[in-house]
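Below is one structure, written out as structure tokens, with a few remarks after it.
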Protein chains: 2
Amino acid sequence: MTGSGREKTPYCPVGRVLGLRERKKLEAWRTIRSTALRLISERGFDAVSVEDIAAEAGVSRTTFFSYFRSKEAVVYDLDPQELQQWRELLADAPGDEPLWEALTGLVLSLAELLADRLPLQKRLFQQSPELCDSSRDVCDSFGPDLREWVARRTPDGDELHAALVLNTAFAAFNTAIEAWDPDDSFDHFLDLARDCLRLAGGGLARSVS
Amino acid sequence: MTGSGREKTPYCPVGRVLGLRERKKLEAWRTIRSTALRLISERGFDAVSVEDIAAEAGVSRTTFFSYFRSKEAVVYDLDPQELQQWRELLADAPGDEPLWEALTGLVLSLAELLADRLPLQKRLFQQSPELCDSSRDVCDSFGPDLREWVARRTPDGDELHAALVLNTAFAAFNTAIEAWDPDDSFDHFLDLARDCLRLAGGGLARSVS
DNA sequence: ACCCGAACCTGAACTCAGTACAGAGTTTTA
DNA sequence: TAAAACTCTGTACTGAGTTCAGGTTCGGGT
């Protein structure tokens, strides 16, 4: 919905020094999120309604939707502080590396940033296939930013190549997520992601099998 | 929804010789689909409700949902005959080629199979970003079959590689779709798809830019 | 300290996707 | 031609997502 506007409201800015308002908002965001994750991991995604989450978080249904665009978003969205770190990462990324190498680095940094959330998230995927189906992309929340970053450093005429590189990096990342067992260590996931990115970057054509 | 069962009902079987029942069903399927595409291309995806489609197609809302799992599905699903051709393609695919080459071939054959529908579909994407967002994958309808095909010809222990190859092929295909202008010839699209698959297969790491 | 505007929260009412089901109608089969 | 199997339809329901008109709370001046 909402056409393709990026952010309806500049929600949860996370500036340097937070006023009372901003602190409350961040707190509300986190209460809703953690409540949601708790309920969903207890009962499964489908068995929890937005109403349940809102009630349990002590907030109205309407407010829930002012913090999260959809029910899935409460699972996928980055914490405002993570989002800020992610944007700093993008801002600081070197501009001289070849695109694929730069992207590989970014994706791996991102993975580390998500270290806390990913295991739980992956477990939710396994419990609730409907979650997997709907948003098949864990990339939803950071994807747009990354797209923009790629676009900015892409010379005219090379859009196809840039898009291909980006989509392939996503594919590699998602493949690693799919393959990972959340009971294994997170380092193991990082290895998987590295492997996938390396294989995809090195060319899938000539290869085993 | 529906756990992860493949097909709730074996709808529209398209056997060799069709009985009256099957003929009616195929006809109904096509009426609904074409009505839907017409209305949606006239008014936009969001401005058309399932009720509108059903009414215009002379069928009940309930019946609509017995033919299509969702409102998006009516745009994405393969025609039962296309689906059959696609399955034959899979069945006939050689088992001795390396995985990437085999997949490349399959994806390109698939593209040709979709020649009629793709231009309109791409135009709908452009008109209705909400369509793009929701099902970011044109691969939805044939993806499961292809996954299964890949799984069958994957030796144990190589699942990661197989998944990576598959996801990357999808990524390349989607990239081509994204990049294609539906006012250009369909051959141009095929060239794009070929290029994307070749680039991804050949290794994105060392490359221009 | 006070006030005003802006930002925020809320309940209520609404639209629409998707599901369940029971009954009526149609095709198939024997 | 009658029973069995399948299909369609209306009805009624759940729940996601939106809109909106208040009420409340915060922040920045003065």
Side-chain angles (χ1 to χ4, degrees), chain A residues 1-3 5 7-13 15 17-29 31-32 36 39-40 43-55 57-77 128 130-131 133-135, chain B residues 1-3 5 7-13 15 17-29 31-32 36 39-40 43-55 57-77 128 130-131 133-135:
Chain A
M1 323 299 131
T2 0
E7 223 124 308
K8 201 185 285 184
T9 335
Y11 249 86
C12 285
V17 183
L18 309 186
L20 175 54
R21 203 150 238 175
E22 278 158 325
R23 247 179 302 126
K24 276 192 169 179
K25 230 159 125 171
L26 185 52
E27 194 193 358
W29 192 97
T31 304
I32 298 175
L39 292 182
I40 291 174
R43 306 186 207 160
F45 188 77
D46 269 11
V48 177
S49 71
V50 170
E51 188 135 350
D52 294 337
I53 298 171
V59 104
S60 83
R61 232 176 67 85
T62 315
T63 300
F64 175 95
F65 282 111
S66 87
Y67 281 90
F68 299 95
R69 289 186 316 283
S70 66
K71 190 182 169 189
E72 281 106 47
V74 84
V75 177
Y76 292 120
D77 275 6
S128 319
E130 60 274 10
L131 242 190
D133 289 358
S134 56
S135 286
Chain B
M1 327 300 129
T2 0
E7 221 124 305
K8 201 183 288 185
T9 333
Y11 249 86
C12 284
V17 184
L18 308 186
L20 174 54
R21 207 154 235 174
E22 278 157 325
R23 248 181 299 125
K24 277 190 171 180
K25 230 156 125 174
L26 186 52
E27 193 192 359
W29 192 98
T31 305
I32 298 175
L39 292 182
I40 291 174
R43 307 186 207 159
F45 187 77
D46 269 10
V48 176
S49 71
V50 171
E51 188 135 354
D52 294 337
I53 298 170
V59 103
S60 83
R61 231 177 67 85
T62 314
T63 300
F64 175 96
F65 282 110
S66 87
Y67 280 90
F68 299 95
R69 288 186 317 283
S70 66
K71 190 181 167 190
E72 281 104 45
V74 84
V75 177
Y76 292 120
D77 275 5
S128 318
E130 59 275 12
L131 242 190
D133 290 357
S134 55
S135 287

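Not measured: the values here are computed from a predicted model. In what follows, chains carry the letters A, B, and so on, assigned in the order in which the sequence lines appear, proteins first and then strands, with residues in each chain numbered from 1.
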Side-chain-base donor-acceptor pair under 3.5 Å for B:Arg21 and D:dT7
no

May I ask you to evaluate whether B:Tyr67 reaches the phosphate of D:dT7, defined as a side-chain N or O under 4.0 Å from OP1 or OP2?
no

Any side-chain N or O of B:Lys24 under 4.0 Å from OP1/OP2 of C:dT26?
no

Using whole Å, what does the distance between atom [atom2] of nucleotide [N] and atom [atom1] of [X] come to?
| X | N | atom1 | atom2 | result |
| --- | --- | --- | --- | --- |
| A:Glu27 | D:dC26 | CD | C1' | 15 Å |
| B:Glu72 | C:dG18 | CD | C1' | 12 Å |
| B:Lys25 | C:dT28 | NZ | P | 12 Å |
| A:Arg61 | C:dA13 | CZ | P | 13 Å |
| B:Ile32 | D:dT7 | CD1 | C1' | 12 Å |
| B:Glu51 | C:dG18 | CD | P | 14 Å |
| B:Phe65 | D:dT7 | CZ | C1' | 18 Å |
| B:Glu22 | C:dT28 | CD | C1' | 11 Å |

How long is the straight-line distance from [atom2] of [Y] back to [atom1] of [X], given to the nearest 0.5 Å?
| X | Y | atom1 | atom2 | answer |
| --- | --- | --- | --- | --- |
| A:Ser128 | A:Arg43 | OG | CZ | 13.0 Å |
| B:Tyr67 | B:Lys25 | OH | NZ | 6.0 Å |
| B:Ser66 | B:Arg61 | OG | CZ | 12.5 Å |
| B:Leu131 | B:Lys71 | CG | NZ | 8.5 Å |

Selected nucleotide, minimal atom distance to A:Leu20 side chain, candidates D:dG27, D:dT9, C:dT19:
D:dG27

From C:dC9, C:dA17, D:dC8, nucleotide with atom closest to A:Thr63 side chain
C:dC9

Students often get this wrong, so: under 4.0 angstrom with heavy atoms, is A:Ser49 touching a base, only sugar-phosphate, or nothing?
sugar-phosphate

Taking the nucleotide of DNA chain C with the closest heavy atom to each, which residue, B:Thr62 or A:Val59, is nearer the 5' end?
A:Val59

The answer to which of B:Val48 and B:Gly19 contacts DNA chain C further toward the 5' end, by nearest nucleotide, is B:Val48

Given side-chain contact (heavy atoms from CB on, under 4.5 Å), test A:Phe45 with A:Glu72 step by step and report yes or no.
CA-CA 9 Å; A:Phe45 188 77; A:Glu72 281 106 47; 4.0 Å; yes

